[in-house]
Amino acid sequence: MHQLTLPSRCDRASAISLHAELRDKLKAGPVAIDGSDVTALGQAMLQLLLSARQTANRAGQTLTITPSEKMRATLTNAGADPDMLCGNGMPS
Amino acid sequence: MTNEEIRTIFFAECEEALASAERALTICKSQPDNMDAVNDVFRSVHSIKGGAGAFGYTALQVYTHGFETLLSDVRDGILPMTEDLLSLLLRALDLLGDHVARALEGSEAPDDSAMIAQLAAAQQGGGTAAPVEAAAAPAPAEAAPEPVAEPAAEASAASEASSDLDDLLSFDLDAMLNDIATDIAPAKPAWRVTMKPQASAMLNGGEPLLLLRELRSLGEGTVRLDTSALPDLDGFDPAGAYLAWDVTLPGEVERDAIEDVFGFSGDDLDVAIDQGGVTPEAPAPAPAAVEPAPEPAPAPVAAEPVAAPVPAPAPVAAAPAPVAPAPHLRRSPRPWPPLHLRPHPPKPSLPRPKSPKHPSPRSSRRSPHRQRLPRRFRNRCASICASSIS
């Protein structure tokens, strides 16, 4: 299980810097993303995480994301189901 | 419309925003907890910032950015509205007026480094922080439209990008739910707003999620995220833009309020605003998730829980065909003209559904019979042109 940690501010720059590592690690095996420090999340990181979820689901790979409360709230605000994104069960 | 005309409109908007902010801060003096008033200040400053960015008034943009960042913390309850803070905000507003005036004249921006430092310090130290004596280094601020100007004050350390994200940071779900959970009778067909940011919308600190949040603050609605264009990680360009949103809002929300959200956003956005017998069904094949229904309102104002916007046989726009086409408008940094392209929906007769407990300057401006923004601006332009622009 490879561990990745999201920075406090998940802005465009952080999404750009995370992309390659996330892509490569997810190919290699299960990945756990720690988002418990996230205080701000923008569209760039949101779509990267959504893509990671989609990629993992299609590949049958394990991806878990631990969101902070702020992150959950932002996801909900943006119409993304936090549980579905984070892998805590798949609502119907 | 020429650039000069649009610029004139921008300064008319600035003038109005400054007046609105001043009225709102005056309300804050007697009602420190009036969040409507705080929100008005925020929106006013935000509006100026957006235009400043669009027109390349870098110094003004940097300054409003620091101002707005602090305001967002107050608005979200992170910082209490103390006397010290209010005093700071009033002084900051004064300086903002100077900034705008200098930009209008085309002269050098005022030295704002000390104020920017104080704003940042107030945000860091909480509302009780005493004003910080910042070293008032002479800041080579730029007044001329010079997009590459170096931001004057190091103290504005928060980069554009990161501190726009402060809004997200301080997002309070509970407060939002309380705000939007006012039930509304389905008298008018729901609005449907579709928004698809282009990649460039995220440059220079642009953050489309903030617009989404603004939209949601207008009334109870649904947000549908469309991820149908989202590639897997292999084909993913982290600098790209793959998401789109489909937002429904109560028909009672005024169109102006919706347009305001996108006004001067200065970003590349595909936006369409429609009303009339529209169901919230998205045309997109694979919406990723649907916003769960908001929790029951703790303080139901009006009864009538409404399950969904009912596509009642709308008197207007029942048949979409004869209406003017062009439902999709590519927003450019020149914000106003496209909004003329679509015909008016009937004016809702209700004020914004948001807590009407305190008559805020902004909401009072939204009288049902008020003309739309461009007309208002045209009138404003006339007076400004007469006085300031030769």
Closest contact, heavy atoms only, Arg12(A) versus Ala239(B): NH2-CB, 3.6 Å

Minimum heavy-atom distance between Ala15(A) and Pro238(B), given as atom pair plus value: O-CB, 4.0 Å

Among Val247(B), Asp232(B), Leu212(B), Asp237(B), residue most engaged with chain A (heavy-atom pairs, under 4.5 Å): Asp232(B)

Do [X] and [Y] make a side-chain contact, defined as non-hydrogen atoms from C-beta onward lying under 4.5 Å apart?
X         : Y        : value
Phe236(B) : His19(A) : yes
Leu225(B) : Leu50(A) : yes
Tyr242(B) : Gln43(A) : no

Pair Thr76(A)-Val223(B), side chain to side chain contact (heavy atoms under 4.5 Å, CB included): steps then yes or no: CA-CA 9 Å; Thr76(A) 303; Val223(B) 173; over 6 Å; no

Short side-chain to backbone donor-acceptor contact, Arg216(B) and Asn77(A), under 3.5 Å: yes

Main-chain N/O of Gly240(B) paired to Gln47(A) side chain as donor or acceptor, under 3.5 Å: yes

side-chain hydrogen bond (donor to acceptor under 3.5 Å, both in side chains) involving Asp24(A) - partner list, sequence neighbours excluded: none

Pairing residues for Ser14(A) by the side-chain hydrogen bond (donor to acceptor under 3.5 Å, both in side chains) criterion, not counting sequence neighbours: Asp11(A)

Contacting moiety of Leu85(A), where chain B heavy atoms sit under 4.5 Å: neither

Lys/Arg N to Asp/Glu carboxylate O, Lys27(A) vs Asp234(B), below 4.0 Å: yes

Separation between CZ of Arg58(A) and CG of Leu233(B), rounded to the nearest 0.5 Å: 10.5 Å

